[in-house]
Amino acid sequence: MWCLPSVRPNVSEMFKCSSLRRFHSPVLKQPTSATFSTTFSSESSPYLPPLFSVAPMMEWTDNHYRTLARIITKHAWLYTEMIAAQTLVHQQTNLDRFLAFSPQQHPIVLQLGGSNVESLAKAAKLSHPYGYDEINLNCGCPSPKVAGHGCFGVSLMLNPKLVGEAMSAIADNTNVPVTVKCRIGVDDHDSYDELGDFVYKVSTLSPTRHFIVHSRKALLGGISPADNRRIPPLKYEYYYALVRDFPDLRFTINGGITSISKVNAALREGAYGVMVGRAAYNNPWQTLGLVDTAVYGVPSSGLTRRQVLEQYQVYADSVLGTQGNGRPNVRDLVKPLLNIFHSENGNSLWKRKADAAFKECKTVGSLLEESLKAIPDSVLDSPISESPESGEDDVFADVHNVLPPPYKAVEQVMLCA
């Protein structure tokens with residue numbers, strides 16, 4: 001199931017994986033075998049552009065969630081959890097635990113965290129054989145555990161020269177595009193000109209041509225990451241000003257976008273791409289399930305939730321306990337499924353049944369067989385709607401009328417010979 005490099009990895013050999021086996025369950029009717037593509041080209045991207053991407057989220061966007069997400073949407077871009085560069089450097093005999101992924105997850109981006117240029121360069125080199133489609137540097141995490149130690153996460157925005165050096169070092173050790181995820185500011189360093197300086201310097205000092213911009217500033221006064229997603233106001237006008245002022249760069253918008261209707265509204269106003277975080281995790285069926293048709297304009301897979309669970313069960317039971325010490329266990333593997341019936345009849349009862357079943361069930365298949373009795377067949381067997389709900393206010397409708405004045409670089413960046 002997993003694609004793991006050998007001791008001396010060969011990229012061309014990486015993606016030879018066993019096919020998914022068919023299975024049957026009394027609850028999961030009409031058994032189907034998964035039909036994932038297992039091809040990958042490092043020379044040219046065979047994927048559609050990142051109009052929609054799922055944000056990297058610690059303890060959420062792991063291999064299990066990404067497997068579920070890819071069954072539901074074939075075209076959304078997926079991100080790993082942030083992986084500290086130092087972790088990879090110190091765990092070189094155990095890289096598969098952090099970097100291995102199944103080939104159906106493409107297109108997939110590795111997000112690195114860190115501030116030590118040498119460690120980031122080594123981490124990029126170590127990740128290369130695994131075949132990620134891009135490498136992203138986290139310059140946006142406001143967590144005190146990250147930003148408060150060693151100029152990590154969003155604190156990096158205060159040192160664009162260091163970020164430029166880090167991005168050049170990463171790029172020198174990979175053959176895929178490198179990108180930056182950032183906020184619009186940090187504490188009192190929140191003017192549009194300071195944001196423009198950051199983008200200008202990083203893009204001048206490095207080959208970075210794509211920035212993912214969370215349209216809130218970060219507050220580093222000890223407030224929680226949750227409060228950092230709520231207290232600082234959204235300033236979408238800063239994002240669209242970057243689009244205006246840096247026409248040779250690409251910008252993905254992030255922050256406060258909770259539905260496919262809002263995704264399409266942002267794209268209509270000129271966004272290159274949209275990144276969605278918690279909405280994609282907390283309501284995957286109504287969010288990810290609409291991406292292919294409503295965002296990319298391609299035909300729906302027509303899968304029902306029953307069929308999605310069939311495919312996910314094959315994956316889950318094939319990796320059960322493969323990391324040693326009983327991990328991943330049934331609870332780990334069921335965690336991404338807990339929101340798939342969001343707001344549906346039987347959802348609360350299903351969660352209670354699943355919670356009770358954890359005590360007895362040794363496989364994901366047996367847990368689903370026991371717990372899905374709570375969900376009506378009409379919910380399990382209905383395909384995803386092909387169009388998003390309408391009627392939401394267009395939060396981007398007037399954004400171009402409130403843009404800040406154009407950015408003008410006030411400092412020439414000295415390029416290293």
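These values consider heavy atoms only, across backbone and side chains, with no hydrogens, waters or symmetry-generated copies. Position 1 is the first residue of the sequence; numbering continues from there.
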Check whether the side chains of [X] and [Y] place a donor and an acceptor atom closer than 3.5 Å, and report yes or no.
X: Thr208; Y: Ser206; answer: yes
X: Asn282; Y: His342; answer: no
X: Glu165; Y: Ser168; answer: no

How are the rings of His75 and Tyr296 set relative to one another: parallel (under 30°), tilted (30 to 60°) or perpendicular (over 60°)?
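His75 vs Tyr296 ring planes: tilted.
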With under 30° as parallel and over 60° as perpendicular, where do the rings of Phe211 and Phe251 fit, or are they tilted in between?
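Parallel: the ring planes of Phe211 and Phe251 meet at under 30°.
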Say you draw a straight line from CG of Leu337 to CZ of Arg305; how long is it, rounded to the nearest 0.5 Å?
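Spacing of CG (Leu337) from CZ (Arg305) equals 12.0 Å.
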Using a 4.5 Å cut-off on heavy atoms from C-beta on, say whether the side chain of Tyr130 contacts that of Asp96.
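Asp96 vs Tyr130: side chains touch.
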Any Lys/Arg nitrogen of Asp394 or Arg268 sitting under 4.0 Å from an Asp/Glu carboxylate oxygen of the other?
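Salt bridge: yes.
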side-chain contact (heavy atoms from CB on, under 4.5 Å), paired with Val54, selected from Val276, Thr73, Val109, Leu288
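It is Leu288; the other options fail the test.
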I'd like to know if the side chain of Asp292 and the backbone of Ser300 have a donor-acceptor N/O pair within less than 3.5 Å.
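Checking the backbone N and O of Ser300 against the side chain of Asp292, no donor-acceptor pair under 3.5 Å is found.
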Contact list for residues 238-249, test side chain to side chain donor-acceptor pair (under 3.5 Å), sequence neighbours left out:
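Pairs touching residues 238-249 that pass the test: Tyr192-Asp245.
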Show your reasoning for whether side-chain hydrogen bond (donor to acceptor under 3.5 Å, both in side chains) applies to His128 and Asn173.
CA-CA 8 Å; His128 174 72; Asn173 286 276; over 6 Å; no
Partner set under salt bridge (charged side-chain N to carboxylate O under 4.0 Å, His left out) for Asp227, not counting sequence neighbours:
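Asp227 satisfies salt bridge (charged side-chain N to carboxylate O under 4.0 Å, His left out) with Arg230 once adjacent residues are dropped.
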Could you list the residues that satisfy side-chain hydrogen bond (donor to acceptor under 3.5 Å, both in side chains) with Ser371, not counting sequence neighbours?
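With sequence neighbours excluded, Ser371 shows a side-chain hydrogen bond (donor to acceptor under 3.5 Å, both in side chains) to Trp350, given in chain and number order.
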